[in-house]
Amino acid sequence: MKNEMKLEFSAVSENEAFARVSVGAFAAQLDPDMNELTELKTVVSEAVTNSIIHGYDENPSGTIAILVKIDTDTIEVTIKDEGIGIDNIDKAKEPLFTSKPELERSGMGFTIMENFMDEVEIISEPDSGTTVYLRKRLARSQTLCN
């Protein structure tokens with residue numbers, strides 16, 4: 001089975017929940033278990049929140065695009081913004097690092113993504129935006145396919 005969806009929305013914090021529910025609902029056709037679904041929704045929340053807070057500095061005129069692809073037992077999620085980008089991706093991926101300590105950010109977003117997904121790729125350049133690519137093979141789908 002191959003299927004995909006595209007979603008685009010304004011970079012406002014109210015849309016974070018919309019993004020997580022939309023991706024979760026789309027992923028439901030793979031019959032993920034509750035942990036997989038929770039982890040997927042969490043990584044979407046983290047990536048979207050990063051785009052809103054760090055990419056666009058909470059400027060609602062920014063746009064976030066999500067592309068979700070499913071194929072048999074695998075889900076791929078790409079979250080893209082055209083915000084300020086990331087100067088140093090390796091530094092940004094360090095646990096507890098945040099560029100917004102005044103907002104009491106935990107600095108665990110990328111760490112959470114890496115722990116919950118099989119593959120995480122971050123592509124970013126200053127002033128060119130950021131793309132976060134997430135991929136996960138779902139356990140229950142694997143058993144259904146065999």
Side-chain angles (χ1 to χ4, degrees), residues 1-86 89-100 103-125 128-146:
M1 167 186 15
K2 288 189 178 188
N3 198 1
E4 72 176 49
M5 77 149 194
K6 295 178 183 176
L7 189 62
E8 196 171 277
F9 51 89
S10 298
V12 294
S13 59
E14 292 82 0
N15 287 336
E16 177 270 328
F18 168 69
R20 77 183 261 124
V21 169
S22 298
V23 173
F26 188 74
Q29 59 195 291
L30 288 179
D31 195 27
D33 66 30
M34 200 49 113
N35 283 338
E36 290 171 328
L37 189 58
T38 299
E39 290 174 353
L40 179 62
K41 290 165 124 183
T42 299
V43 298
V44 168
S45 290
E46 293 292 339
V48 168
T49 298
N50 279 352
S51 289
I52 293 167
I53 291 175
H54 301 287
Y56 289 118
D57 202 19
E58 300 189 65
N59 179 347
S61 67
T63 300
I64 299 169
I66 299 179
L67 172 64
V68 185
K69 296 180 180 181
I70 58 175
D71 187 3
T72 312
D73 62 353
T74 303
I75 186 160
E76 297 176 2
V77 181
T78 304
I79 299 170
K80 182 174 177 37
D81 68 57
E82 296 176 348
I84 64 169
I86 301 170
I89 293 172
D90 290 333
K91 182 76 173 165
K93 289 169 65 176
E94 288 179 11
L96 306 178
F97 174 80
T98 179
S99 62
K100 303 270 184 181
L103 298 179
E104 298 182 17
R105 307 303 305 168
S106 71
M108 294 298 290
F110 288 134
T111 302
I112 290 168
M113 290 179 218
E114 289 174 336
N115 283 324
F116 287 171
M117 303 302 283
D118 296 330
E119 187 179 335
V120 176
E121 183 178 358
I122 302 153
I123 301 165
S124 186
E125 289 189 25
S128 296
T130 301
T131 300
V132 177
Y133 171 80
L134 307 159
R135 185 173 185 273
K136 184 170 184 77
R137 192 166 180 205
L138 303 180
R140 184 177 296 180
S141 294
Q142 291 174 41
T143 59
L144 292 175
C145 295
N146 294 331

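All residue numbers refer to positions in the sequence shown, counting from 1. No hydrogens, no waters, no symmetry mates; every other heavy atom, side chains included, goes into these values.
Note that the OG1 atom of T63 and the NZ atom of K80 stand 11.5 Å from one another [nearest 0.5 Å]. How far OG1 of T131 is from CD1 of I123: 6.0 Å, rounded to the nearest 0.5 Å. Rounded to the nearest 0.5 angstrom, L138 CG and T72 OG1 are separated by 11.0 Å. Expressed to the nearest 0.5 Å, how far CD1 of I122 lies from CG of N50 amounts to 8.5 Å. Interatomic distance, T130 OG1 to D81 CG, rounded to the nearest 0.5 Å: 5.0 Å.
Here T38 pairs with M34, T42 under the side-chain contact (heavy atoms from CB on, under 4.5 Å) rule; sequence neighbours left out. Residues meeting the salt bridge (charged side-chain N to carboxylate O under 4.0 Å, His left out) test with E76, sequence neighbours left out: R135. For K136, the salt bridge (charged side-chain N to carboxylate O under 4.0 Å, His left out) criterion is met by E39, not counting sequence neighbours. Residues satisfying the side-chain contact (heavy atoms from CB on, under 4.5 Å) test with A11, not counting sequence neighbours, are I52, Y56, I64.
Across all their heavy atoms, P32 and A27 have their closest contact at CD-O, 3.4 Å. Of all non-hydrogen atoms in G24 and K41, the two that sit nearest each other are CA-CG, 4.3 Å. P60 and S10 make their closest contact through O-CB, 3.8 Å (heavy atoms, listed as atom of the first residue, atom of the second, distance). Closest heavy-atom contact between A19 and L7: CA-CD2, 4.4 Å.
Surrounding CD of E125 are at most 12 heavy atoms belonging to other residues, nucleotides or ligands under 6.0 Å away.
A side-chain hydrogen bond (donor to acceptor under 3.5 Å, both in side chains) check over residues 14-23, counting only residues at least two apart or in different chains, returns the pairs E16-S45, R20-S45.
Residues L40 and V77 form a side-chain contact, since some pair of their non-hydrogen atoms from C-beta on lies under 4.5 Å apart. Put simply, the side chain of K69 does not reach to within 4.5 Å of the side chain of I75, judged on heavy atoms.
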Only distances under 3.5 Å count here; give the side-chain donor-acceptor pairs of residues 112-119 to other protein atoms, sequence neighbours excluded, each with its distance to 0.1 Å.
{"residue": "E114", "atom": "OE2", "partner": "K93", "partner atom": "NZ", "Å": "3.2"}
{"residue": "N115", "atom": "ND2", "partner": "T111", "partner atom": "O", "Å": "3.2"}
{"residue": "D118", "atom": "OD2", "partner": "R137", "partner atom": "N", "Å": "2.7"}

Verdict with reasoning, F110 to I89, per side-chain contact (heavy atoms from CB on, under 4.5 Å): CA-CA 10 Å; F110 288 134; I89 293 172; 5.9 Å; no
Verdict with supporting geometry, F26 and I66, side-chain contact (heavy atoms from CB on, under 4.5 Å): CA-CA 12 Å; F26 188 74; I66 299 179; over 6 Å; no
Stepwise side-chain contact (heavy atoms from CB on, under 4.5 Å) test for I53 and E58: CA-CA 5 Å; I53 291 175; E58 300 189 65; 4.3 Å; yes
